[in-house]
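Step one of this worksheet: look at the structure below.
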Amino acid sequence: METKDINTMTTSETSGEKNNFYIPINVSQKHKTFLWVWAKTGTSHMVEVLKDFDFDQYGITDTGLIFLNKGLQQIHLCSLFPGHENYKMMVSARNPYSRFFSFYRHSHRGFYQDMTIDGFQEFLENTIVGYGTHDCVTFSERFPDYYVRVESMFEDYCKIPFIIESELYKSGDLELLCKKKINYDGDNHFWKDFYNPSLADLVYYNTQEYFRFFGYERASWKK
């Protein structure tokens with residue numbers, strides 16, 4: 001099968017190979033699970049939770065996977081690989097309304113006072129089509145087996161077999177960790193204050209399948 005996301009990165013020098021570019025992906029061979037962490041979906045938090053669950057960085061080749069680096073990497077690409085059917089697929093998720101606002105806020109780091117509804121509208125109009133058709137949204141070839149939504153992290157982790165079998169879960173540390181904020185930027189703008197019906201429709205109609213699969217309500221932008 002052909003791989004996607006041609007903006008590849010990472011080189012491998014395994015077995016003398018150099019200057020070979022591979023699409024990187026996080027895979028746990030122990031748990032037979034690969035991970036997609038879409039930007040602005042609590043990925044720093046997920047990396048913290050999963051750092052001791054034997055995920056390593058692999059590269060996607062025409063025939064399968066090649067080991068690249070030890071440990072979990074914060075990779076925001078979403079690609080499948082030959083043989084992915086033999087693995088579980090795990091993803092991070094977030095209400096798209098909140099996620100797109102988080103991107104807008106990120107673009108104003110240090111200048112939060114300049115954020116406006118008009119500016120947010122311009123941001124959405126300039127970016128959402130590209131994001132809306134991304135495989136992290138459409139799941140065009142397969143749907144996730146496991147997912148962790150920002151809004152219900154602990155509950156979602158508790159549905160994953162290798163998580164509830166772990167000492168992290170049994171000790172109660174996972175629940176505590178899920179209550180911890182990681183990478184909080186200090187801005188207190190409320191994302192629902194920036195939406196109106198037309199902007200909400202712009203987000204919703206470009207990410208409908210995402211809303212449906214993860215159970216997000218179309219009207220969730222309303223206060």
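Starting from 1, each residue takes its place in the sequence as its number.
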Rounded to the nearest 0.5 Å, how far apart are [atom1] of [X] and [atom2] of [Y]?
X	Y	atom1	atom2	result
T207	L202	OG1	CG	9.0 Å
E122	T127	CD	OG1	10.5 Å
Q57	Y22	CD	OH	12.5 Å
F103	L124	CZ	CG	12.0 Å
F154	L176	CZ	CG	9.0 Å
L68	I60	CG	CD1	10.0 Å

Review point. Mind checking whether Y216 and F214 have parallel, tilted or perpendicular rings, split at 30° and 60°?
Key: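 The rings of Y216 and F214 sit tilted, inter-plane angle from 30° to 60°.
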Is there a side-chain contact between [X] and [Y] (heavy atoms, below 4.5 Å)?
X	Y	result
K88	H31	no
V37	H76	yes
F139	Y210	yes
L77	C136	no
F211	Y205	no
V203	I128	yes
T41	R99	yes
L65	I25	yes

Check your understanding: With sequence neighbours excluded, what pairs up with H45 under the ring-ring contact (aromatic ring centres under 6.0 Å, His included) test?
Key ->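 None.
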Point to revise | All ring-ring contact (aromatic ring centres under 6.0 Å, His included) counterparts of F120, not counting sequence neighbours | key: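 Partners of F120 by the ring-ring contact (aromatic ring centres under 6.0 Å, His included) criterion, ordered by chain and then number, come out as F101, Y104, Y195.
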**Study point:** Stepwise side-chain contact (heavy atoms from CB on, under 4.5 Å) test for L35 and L72
**Key:** CA-CA 9 Å; L35 182 64; L72 181 60; 3.7 Å; yes
Quick one: do [X] and [Y] end up in the same hydrophobic cluster if we chain Ile, Leu, Val, Met, Phe, Trp and Tyr together by side-chain heavy atoms under 4.5 Å apart?
X	Y	answer
W36	F162	no
Y146	L168	yes
I117	F123	yes
Y157	F34	no

Any donor-acceptor N/O pair, [X] side chain to [Y] backbone, under 3.5 Å:
X	Y	value
T43	A39	no
R94	K40	yes
Y147	M89	no
W38	S92	no
E141	L80	no

**Study point:** Where at least one partner belongs to residues 152-177, residue pairs that pass salt bridge (charged side-chain N to carboxylate O under 4.0 Å, His left out), sequence neighbours excluded
**Key:**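 Listed by first then second residue: R149-D156, D156-K159.
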So which atom in [X] and which in [Y] form the shortest heavy-atom distance, rounded to 0.1 Å?
X	Y	result
N69	F67	C-CZ, 3.4 Å
C158	I164	O-CG2, 3.2 Å
M46	V148	CE-CB, 3.5 Å
I23	S79	CG2-OG, 3.3 Å
K192	S220	CE-O, 3.0 Å

**Study point:** C178/L174 under side-chain contact (heavy atoms from CB on, under 4.5 Å): CA gap, chis, key distance, verdict
**Key:** CA-CA 6 Å; C178 287; L174 175 62; 3.9 Å; yes
For a quick test of your reading: what N or O donor-acceptor pairs under 3.5 Å do the side chains of residues 49-56 make, sequence neighbours left out?
unit_1: K51; atom_1: NZ; unit_2: E48; atom_2: OE2; d: 3.1
unit_1: D56; atom_1: OD1; unit_2: G71; atom_2: N; d: 2.7

Review point. V150: which other cluster members, linking ILVMFWY side chains closer than 4.5 Å, directly or transitively?
Key: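 Answer for V150: none, a lone residue.
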Exercise for review: Check whether more than 12 heavy atoms from other residues, nucleotides or ligands sit under 6.0 Å from atom CD of E217, and answer yes or no.
Suggested key: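 Atom CD in E217 is not packed in, count stays at 12 or less.
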Practice item. Measure centre to centre between the rings of Y58 and F81, then say whether the value is under 6.0 Å. Key: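 No, the ring centres sit 6.0 Å or more apart.
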Review point. Where do Y97 and R218 land on the side-chain contact (heavy atoms from CB on, under 4.5 Å) test, with the steps shown first?
Key: CA-CA 9 Å; Y97 296 135; R218 178 179 178 180; 4.0 Å; yes
Exercise for review: Determine, stepwise, if the pair D118 / T116 fulfils side chain to side chain donor-acceptor pair (under 3.5 Å).
Suggested key: CA-CA 5 Å; D118 288 342; T116 64; 5.5 Å; no
Exercise for review: Please lay out, stage by stage, how W221 and L199 fare under the test side-chain contact (heavy atoms from CB on, under 4.5 Å).
Suggested key: CA-CA 10 Å; W221 64 273; L199 295 185; over 6 Å; no
Review point. Who are the side-chain hydrogen bond (donor to acceptor under 3.5 Å, both in side chains) partners of Y87, not counting sequence neighbours?
Key: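 Partners of Y87 under the side-chain hydrogen bond (donor to acceptor under 3.5 Å, both in side chains) test: Q29, K32.
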